[in-house]
Each structure stands twice: as structure tokens, then as C-alpha cells.
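Chain A is the first sequence line, chain B the second, and so forth, proteins listed ahead of strands; every chain is numbered from 1. Side chains are part of it too, since the values below use all heavy atoms of this structure and drop only hydrogens, waters and symmetry mates. No experiment lies behind these values; they were computed from the predicted model shown.
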Amino acid sequence: MSATLFEKVWRAHTVRALGNGQTQLFIGLHLIHEVTTPQAFEMLRARGWGVRFPERTIATVDHIVPTRDQRRPFLDVMAEDMLSALERNCRAAGIRLFDISGGAQGIVHVIGPELGLTQPGMTIACGDSHTSTHGAFGAIAFGVGTSQVRDVLASQCLALDPLKVRRIRVSGRLGRGVYAKDVILDIIRRLGVSGGVGYAYEYAGDTVERMSMDERMTICNMSIEGGARAGYVNPDQVTFDYLRGRRFAPDGDEFEAACDWWRSMASDPDARYDGEVEIDAAAIEPTVTWGINPGQSVHVSETVPRVDEAEAADRPSLREALDFMGLRDGQPIRGTKIDVAFIGSCTNARLSDLREAATIIRGRHVAAHVTALVVPGSQAVRLAAEREGLDRVFTEAGFEWRGAGCSMCLAMNPDRLEGTQVCASSSNRNFKGRQGSPTGRTLLMSPAMVAAAAIAGEVADVREFAHAD
Amino acid sequence: MPIDRIAAVEGTAIPLRGGNIDTDRIIPARFLRAITFEGLERHLFEDDRAQAGDHPFANPAHAGATILLVNANFGCGSSREHAPQAIRRWGIRAVVGESFSEIFFGNSVALGMPCLTAARAVIEELMQQAERDPRRELRLSLDALHVVSGDRSFALTMPAAARQSFLDGTWDATALLLDKYDEVESVARRLPYLRGWS
Ligand code: SF4
């Protein structure tokens, strides 16, 4: 029987069918962070339950940590409290915590892969919607809420409804200055922000097959912005090469045995899908969001929509978005003035992202009115970047070089927009208020495009910036 | 745990217009800086309320409402359970909308707050009623899958599994997941990445 990777992973982890029609699914890897877990541990205590498989849960701190000065105790009392609560809970339950002092801390979706914890064929859960990132390895990874974090702690299982699978095939060569971020923004723009509800997205096609793991992670990361609970890429040699030698990956003979199993979990060539979409990579251009959800985007050479040209039913939401963003109907997105440039987040703060951005800014300087910061996705990324001298490239150009964390992606720490500032951001959400100011404005784009915008002081076309190569 | 069956919700409705209302709007991230869910309801839609002036959650006519009416893709965005927690702690017992994000839907189930869907035209009519007459009582039934307003009844839909779990009081899944634990252990023993690769 031919099957998709989703079906194979689902089957391998099924405990039983629950009376209510859901499936009890075993969770192979549980990742936790400081924000969505304290209440879950509290619920466990209230019911007198323990943690069933503490060795399958891994913790880190990312959302609330300061990025300017990471010495403990944090100046921010609430951040310090949340971190101490996590430390206490992990110690009591016997859960391994990658803390700020250890060198392996970072955004949960960056460190899982980096440490080799994320592997093909696994089920993964985390109290965070961007858990879909781990699908880049051919894992089925779900973002869950706090009550479900409690369920996984207590039982290592989730009660879930199966998803349908839509294959999205991207074929052809990406143009110069076009990145994985542009591909996923393009997919969300076409299929809509709720187009994926009820589905897992399987990303396939020769464009995706040629992508590095970092790029595949960027694509899977934003599946949730398209409404899909999970997204994945079938594991292949690129995946195996990435995993070889990582701290928690199998080694020696075991690695070969693992590769055999991982390979066997990939979708069969004649697997059936609940839907298929074809995307022409060559038609994608550098993309920028202009609105208040990630589906509201245009190519950098295009103009924002005109309300009077839209369907009557769509007009109020277009008006709301344009007004919130302070944009005029039909104005070109290029040339939109920015105040802040943010390179960071689990979407685009891995080493390759920093390298791409550095290529653009090397020998140039951030526009005088722009505040620019780089927040590496993990301490390991930060260190690797420093070894290559990227920190100096950034600081000499006028960027601030920070410690690892979520930072201005959701502004739970001191990094935030003020008033109606406009931010060119490599993160994943442009919702109202997302970057800390209720009236702050976010333009999502690739890290290279953020770098170009930082230098120009306005939205610019990265293709006009000569690369070093 | 006592079994808590949820088959009906009665009360007045609060209409919240707009598609794609995300969890950052429902409860902005700065209110996630706490280790409990207590008091979250005070910050429900805080930034939207400040900006809109006439936000339904700021309108005293809707105080005490138990049924929230929404449009499409409600609750999209982050997985923060703080969003449905804040809504439920405010007093909402059921949400009726055109569609929901999956994580929001699942989180609401886990709290015992059913989310039901209805056709766009039905939502529009219910919203207009609630705007005209905020004191009008609705009777929502998970059993009959309808909502009754005066002498009219409107059809609702809900995935069968979730509906069943409210009707039998098994919406809080943990106990169910802990039952038959040997089956869980046997799955763990079968998986090569847990059992060992050789
Ligand atoms: S970087 Fe942003 S999206 Fe990613 S986990 Fe942190 S807050 Fe969530």
C-alpha cells in the first residue's frame, strides 16, 4: 500500500482510536519553553500527575529573554520569574533544560534541529504554533496549546483528528535575490491564510529538493501562516547530511540504520494526496507584506491593492489593513519608509540567513534614521557567525548585534516598536500589535530584503544591491 | 474528575465583526508575561478596544454575554491558549462563527468551550440581532446542532468527534490518554528511535 509520509508517521505513532473519533497519538519529542508551560505544570500538580517520559521532553528559554544583557538575574523581574519557574519545573520532573548559561540556548525551533533532536519520521509537539518548522526533516510536528502541553507531559500523547495532505510542488530555478521566504510568502498569498485549515502541506518539487535544511525550515515554519497545522519535506540525502554528527543524532552503525528507516518513511512515489498545487519558482519575485496578515503581500515591484478595485465583500478588510499600515491605495510598496530593521526569529535567524544579509550590507551603512538589529536564532548561530566575522560586518554597518531569543518577533522582552513605527522584519507575523506597539507596523520579507531596506531606509529591491559574488 | 457534559449554552450574544482575527489581537503578547492564566480576561482585546472606540467588548450592553459571534478564520496565529482562556474567563461559554483556526478550536475544546460553525448569512443575521437587541437570549444546543433565537432556529455544524466529546463529557482528554497505558508503552517500544537502531 502506497502512503504519504504523513500517513506513515501517523500510523507508526497511533496508540488507539479514541471513542470520540480522534486518534491517540504517541509524541516522540516534546519541546517546551518558558511561556506556555508554567500553567501546564500547575495543572499536573493540581491533579497529582507526574511527567511520564521526562527524557522525551527538552526545554529552553527564548520568548521572554532579554537580548541585550543576558546576565542573571535578569533586570526584568517577570522574565526572571518565568525562567526560574521553568528551572524549578524541569528540575522537579527531570527534564533537560538548555539554559541561558549553557551555550546551547536559543529559539526552540532553531535548537531542536541544531542539536539533532529533530529527526525524520518522528511526531513532535511544542506549545508554539511554529512547531511546523521541524517538518523540514520529515517529522510531523504540531503546535499545541497549554492544556495539550499538560496532556503530553502527563501521557506523552495527544488526542488528534487526522489531517488531509496537500502536495505543493515548486519547480524551476529561483531568480537572483529570491529566497525560501519569498517562496512561502508566495504560497500563502495564493492559497490564503486559511487555505491550509484541515491540511498538512507536503512541500515537494525540484526547487525544494535543491534547498538546504535552513531553507526548508523557513518554508515549513510558515505553514501555520497559511492555516496548515503541519508542513513537511520528505527526508533525503540533504537531511541525512545535516544530521550526521549532531549531538543527539544516532552515530556509527546506528546512523546507517537510522537512514534506512528515515528513507522508508518518505512518501511513496504513487502516494495519493487530497490536493495538489503547482508553483513556478521562476515567477516568484522578492515579496513584501503590506497588510496585517501574512497573506497580504505583493512582489517588491508591485503596488498595494486599491480598495475600489476589490470585491465588495473584501473592501472593509482591505481598508482596515491599508489604514492601519498608513499606506495609500495603489501606492508602490517600494520606497515605503521604514524606521526599524529586524533580522531574527525562528523563520530566518539561522547562520545562512545572517550570511545572506551580511552579503548585502558589507561595506555599506544603515540609513541614519533606521534602528537595525540582528538577533541570532541561537547561541550556536551567534558563535558560528562570530567565528566568520559576521558580527563585525553587521556592527560596522550600524546594526546592533544581540544575544539569542525571539526578541522583536513578538516583543515579550524589551525589544519592541514604538508608536506607529514601520519595521522591515524577517519574522513571520505582521498582525496588529505583534511587534510590541499596538499601532506598530510590520513588513515581512527575507533577511536580505531587510538588509537592503535598512541601508536604503525604505523598502528596496534587493536585486539592485550588487552581491559580492 | 467528575464528568462534565456540555450539551447546551444559553444566554445573550456578543457580535465581533471581522475576518482573520488573530490571537495577538485577542490577547496581546505583553499579557503573556505571567505564570498563571488568572486575570487575563481584563486584557481581552485590549489594543483593539483602545483603537476602535466602539468595540463590542467595551460596550456595557453586552456585559454578561455567554455566546460569542465571529466571522471567518477566528483565532488564527499563535498557539497561545491564553486567547481562549481570556475569552472564557470573560464569561463566554460557546463561540459561533464562520470558521476557526485549528489550534484555537482545539484549545477551546480542551477548556470546555465549544466552537460551532454556521453559514455566513446566519452569522450576519445573528450579529445584526445582537446589535439591535443585545438582551435577546439565544439557546444553543450541541445535541440538536442549532441555535434558537425567539421563534427561529438556525443550523450549526461541528466536527463529530469534538461534538461527541462535549456530549459525553470527555472533552478533557488527559484522563482518556492515561487510560490503557500499556498500549502507549508498547508503541514506544516499537519505535526505532526509542527502542534503539540496531
Ligand atoms: S521567534 Fe517568533 S514565531 Fe518563533 S517561536 Fe519565537 S515568538 Fe514564536
| remark: Among B:Ala29, B:Ala72, B:Gly19, the residue with the most heavy-atom pairs under 4.5 Å to chain A is B:Ala29
Residue, of [options], that accumulates the most heavy atom pairs under 4.5 Å with chain B:
options: A:Gly145, A:Ser317, A:Gly227; value: A:Gly145
options: A:Glu225, A:Arg150, A:Glu34, A:Glu42; value: A:Arg150
options: A:Gly28, A:Gly121, A:Ala228; value: A:Gly28

| request: Give a yes or no on whether the backbone of A:Asp251 and the side-chain of A:Glu254 come within a donor-acceptor separation of less than 3.5 Å. | output: no
| Donor-acceptor contact below 3.5 Å, side chain A:Tyr199 vs main chain A:Arg229 | no
Interchain contact, [X] with chain B, by part (heavy-atom threshold 4.5 Å):
X: A:Phe431; answer: both
X: A:Leu25; answer: neither
X: A:Leu158; answer: backbone
X: A:Asp76; answer: side chain
X: A:Val193; answer: both
X: A:Thr23; answer: neither
X: A:Arg429; answer: side chain
X: A:Glu320; answer: side chain
X: A:Thr14; answer: backbone
X: A:Ala85; answer: side chain
X: A:Gln119; answer: side chain
X: A:Met122; answer: both

Heavy-atom distance under 4.5 Å to chain A: side chain of [X], backbone, both or neither?
X: B:Pro28; answer: neither
X: B:Thr36; answer: backbone
X: B:Val184; answer: both
X: B:Leu177; answer: both
X: B:Gln51; answer: side chain
X: B:Arg190; answer: side chain
X: B:Leu176; answer: both

| said: Within the supplied structure, the quantity of interest is the number of heavy atoms (other residues, nucleotides, ligands) at a distance under 6.0 Å from A:Asp253 CG; does it exceed 12? | reply: no
| message | Please check if the number of heavy atoms outside B:Glu38 that lie under 6.0 Å from its CD is greater than 12. | response | no
| said: List the residues meeting salt bridge (charged side-chain N to carboxylate O under 4.0 Å, His left out) with B:Arg49, not counting sequence neighbours, and say none if there are none. | reply: none
| query | Are A:Leu83 and A:Ile64 close enough, and set up right, to give a side-chain contact (heavy atoms from CB on, under 4.5 Å), and what steps lead you there? | reply | CA-CA 9 Å; A:Leu83 211 148; A:Ile64 204 171; 6.0 Å; no
| Which of residues 91-125 of chain B have a heavy atom under 4.5 Å from any heavy atom of chain A? | B:Phe100, B:Glu102, B:Ile103, B:Asn107, B:Ala110, B:Leu111, B:Arg120
| said: Is it the case that the ring center of B:His55 lies less than 6.0 angstrom away from the ring center of B:Phe45? | reply: yes
| task | For A:Ser194, enumerate each residue passing the side chain to side chain contact (heavy atoms under 4.5 Å, CB included) test, keeping only those at least two apart in sequence or located in another chain. | result | A:Val197, B:Asn73
| request: Not counting sequence neighbours, list each pair that qualifies as a ring pair (Phe, Tyr, Trp, His ring centres under 6.0 Å) and has a residue in residues 6-42 of chain B. | output: B:Phe31-B:His43, B:Phe37-B:His82
